[in-house]
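Please read the structure below before turning to the comments.
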Amino acid sequence: MSDLLSYLPPVRGKMRPKVPLESFTSLRVGGCAEALFEPEDSDDLIHFLRRRPLEIPVTVLGAGSNVLIREGGIPGVVIHLGSWFQRVFQEGATFEVGAGIPVAEFAERAAQEGISGFEFLATIPGTMGGSILANAGCFGRSIQDILVEIEAVDFCGRIHWVSAQKIDFGYRTSTIPADWIVVRSWVCGKVLPSHLVLRTMEELRATRAATQPTEVCTAGSLFKNPEGQSAWKLIDTAGMRGARLGGAEISPKHANFLVNRHKATAADLETLGENVREKVHHATGVSLEWEIVRLGLPSPQFPAWEAILLQQREGE
Ligand SMILES: Cc1cc2nc3c(=O)[nH]c(=O)nc-3n(C[C@H](O)[C@H](O)[C@H](O)COP(=O)(O)OP(=O)(O)OC[C@H]3O[C@@H](n4cnc5c(N)ncnc54)[C@H](O)[C@@H]3O)c2cc1C
């Protein structure tokens, strides 16, 4: 039995073995991170990535508001950006924003400073890093409308500065490579009296509360809307609004929200999602695509990172 931590380089931040991840996600399910690394700062992150054995998998987790982590947990090292990555600096209507800050918190701070343009972020529970990766958005706006530049570090520790114009953004997608960790970004708004910005944010929050489940454990939209169609309407057509499996439920309030109603397992949630996909395909011919990112192994394996390597070699 090998201990993952003994293979890893020393770090200044926190490196902990076998950390349960359910409290790191809004669906409140999932197994352990084989190791969880919370870097002290950007240099600590880069130092770790440059020296880690390349065969050990790396996964980055933001606020966990768009992920479903399976019972077997995540093999290798899960990186979680802590307080150093939540710093915000302002210059006029432009902000330098750490990737770890919850976007709603950033929007609130910008509003207090009388800068408009970020109001839509007030209703999204993710961090800036996760939101940039997915081009998160609502109420007709998305990250691509405000982003100027990103700084990212790849899994080998190389630093990349990329202007927003060089990134192709689509509906909940970006061309940011899967092995990059966004660490900082620059976003731009416009000056407006603070009370007006705050009022708009309040209105958006109220609209959200009226139409979507906000007080439950969910990860936002379950499926992406297919071109020109609404996932929730297709789910309704398939008669799956309110469907349940174990503790998992398709929200009766919004049919495209998967909810951990009562002590659901990750398997309950994933299986219910797949059942909905099948029923929708059967009823409408449309193949829905998961918007929620599914991570990890279905059941625990130890040491997980070695099991993953073995699987990869067998598949070669
Ligand atoms: C109630 C509710 C409402 C929501 N409403 C919306 C909405 O209106 N619009 C919308 O777009 N989304 C919505 N979401 C989904 C979610 O909040 C967004 O997708 C958010 O941007 C995810 O950010 P996160 O930090 O939680 O990412 P996580 O869930 O932690 O991670 C999601 C993905 O991003 C990657 N990632 C995280 N951080 C980084 C980083 N720093 N660098 C590179 N990759 C990273 C992860 O590896 C993972 O693949 C909602 C979710 C909930 C629970």
Side-chain angles (χ1 to χ4, degrees), residues 21 23-28 30 33 38-39 42 45 49 57-69 74 76-82 84-86 97-107 119-145 147 150-155 160 162 167 169-185 204-205 207-209 211-225 231 251 253-254 256-260 269 290-296:
L21 289 174
S23 63
F24 285 80
T25 76
S26 56
L27 273 172
R28 295 282 183 265
E38 296 179 277
S42 177
L45 173 65
L49 291 167
V58 166
T59 304
V60 59
L61 197 58
S65 66
N66 200 35
V67 292
L68 168 52
I69 299 178
I74 302 183
V77 180
V78 173
I79 295 174
H80 186 247
L81 304 180
W84 190 89
F85 297 89
Q86 298 187 0
V97 189
I101 194 167
V103 288
E105 189 181 320
F106 165 66
E119 293 88 333
F120 70 101
L121 296 176
T123 65
I124 297 179
T127 61
M128 194 52 114
S131 299
I132 292 172
L133 190 84
N135 190 22
C138 51
F139 301 109
R141 288 181 54 82
S142 67
I143 287 287
Q144 71 183 111
D145 300 319
L147 193 67
I150 63 162
E151 180 186 322
V153 179
D154 67 28
F155 286 0
H160 305 265
V162 186
I167 304 170
F169 287 105
Y171 167 61
R172 303 295 167 262
T173 62
S174 71
T175 48
I176 296 171
D179 64 344
W180 285 18
I181 301 171
V182 179
V183 289
R184 269 196 297 180
S185 65
L204 297 182
R205 287 195 191 104
T207 306
R208 171 80 73 156
T211 54
Q212 293 177 8
T214 49
E215 304 299 322
V216 292
C217 298
T218 167
S221 296
L222 168 56
F223 299 113
K224 295 183 180 184
N225 288 322
S251 168
K253 190 168 181 183
H254 190 303
N256 197 26
F257 271 55
L258 178 64
V259 174
N260 180 352
L269 291 157
W290 281 75
E291 182 166 327
I292 295 174
V293 179
R294 290 166 292 166
L295 297 173

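Source: prediction; values computed, not measured. In each ligand, atom 1 is the first atom listed, and ligand 1 is the first ligand listed.
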contact_flag M128 ligand 1 heavy-atom lt 4.0 Å: no
Ring geometry between F223 and W290 (parallel below 30°, tilted from 30 to 60°, perpendicular above 60°): perpendicular
Distance in Å, H80 NE2 paired with F24 CZ, rounded so as to fall on 0.5 Å steps: 5.5 Å
Ligand 1 contact on H80 by region, counting heavy-atom pairs under 4.0 Å: neither
W180, F24, F257: member with heavy atom nearest to atom 43 (C) of ligand 1: W180
Nearest non-hydrogen partners of L27 and C217, listed with the distance: CD2-O, 3.7 Å
Geometric N/O contact G64 with ligand 1, under 3.5 angstrom: yes
Nearest atoms (heavy-atom pairs only) where R208 meets T123: NH2-OG1, 2.8 Å
Shortest non-hydrogen separation from K224 to T173 and the atoms involved: NZ-CG2, 3.5 Å
Closest to atom 9 (N) of ligand 1 among G137, A99, G126 (heavy-atom distance): G137
Short N or O distance, R172 and ligand 1, threshold 3.5 Å exclusive: yes
Between CD1 on residue I143 and OG on residue S174, distance to nearest 0.5 Å: 10.5 Å
Identity and distance of the protein heavy atom lying nearest atom 34 (O) of ligand 1: L133 CD2, 3.5 Å
Nearest protein heavy atom with distance in Å, relative to atom 29 (O) of ligand 1: N66 N, 2.8 Å
Residue part near ligand 1, for Q212, under 4.0 Å between non-hydrogen atoms: neither
Proximity of I124 to ligand 1 by residue part, where a heavy atom lies under 4.0 Å: side chain
Minimum-distance protein heavy atom relative to atom 1 (C) of ligand 1: T218 CG2, 3.9 Å
Proximity of V293 to ligand 1 by residue part, where a heavy atom lies under 4.0 Å: side chain
Short N or O distance, V60 and ligand 1, threshold 3.5 Å exclusive: yes
Ligand 1 to P213 polar contact by distance, N or O atoms, under 3.5 Å: no
Donor-acceptor pair, side chain of N225 and main chain of A231, under 3.5 angstrom: yes
From CG (L121) to CZ (R141), nearest 0.5 Å: 8.5 Å
Least distance between heavy atoms, S26 atom then T218 atom: OG-O, 2.6 Å
Selection from G130, G62, C138 by shortest heavy-atom distance to atom 39 (C) of ligand 1: G130
Any N/O pair S131/ligand 1 closer than 3.5 Å: yes
Closest approach of any protein heavy atom to atom 25 (O) of ligand 1, naming residue and atom: T127 OG1, 2.6 Å
Heavy atom of the protein closest to atom 31 (O) of ligand 1 (residue, atom name, distance): V67 CG1, 3.7 Å
Proximity to ligand 1 by part of A219, non-hydrogen separation under 4.0 Å: backbone
Contact (N/O only, under 3.5 Å) between V182 and ligand 1: yes
Residue, atom name and distance, where the atom is the protein heavy atom closest to atom 5 (N) of ligand 1: R208 NH1, 3.1 Å
For atom 2 (C) of ligand 1, closest protein heavy-atom neighbour: P125 CG, 3.6 Å
Polar proximity ligand 1 side, T59 side, N/O cut 3.5 Å exclusive: no
Nearest-option assignment for atom 26 (O) of ligand 1, heavy atoms, candidates P177, S65, S26: S65
Donor-acceptor under 3.5 Å (R184 side chain, F85 main chain): no
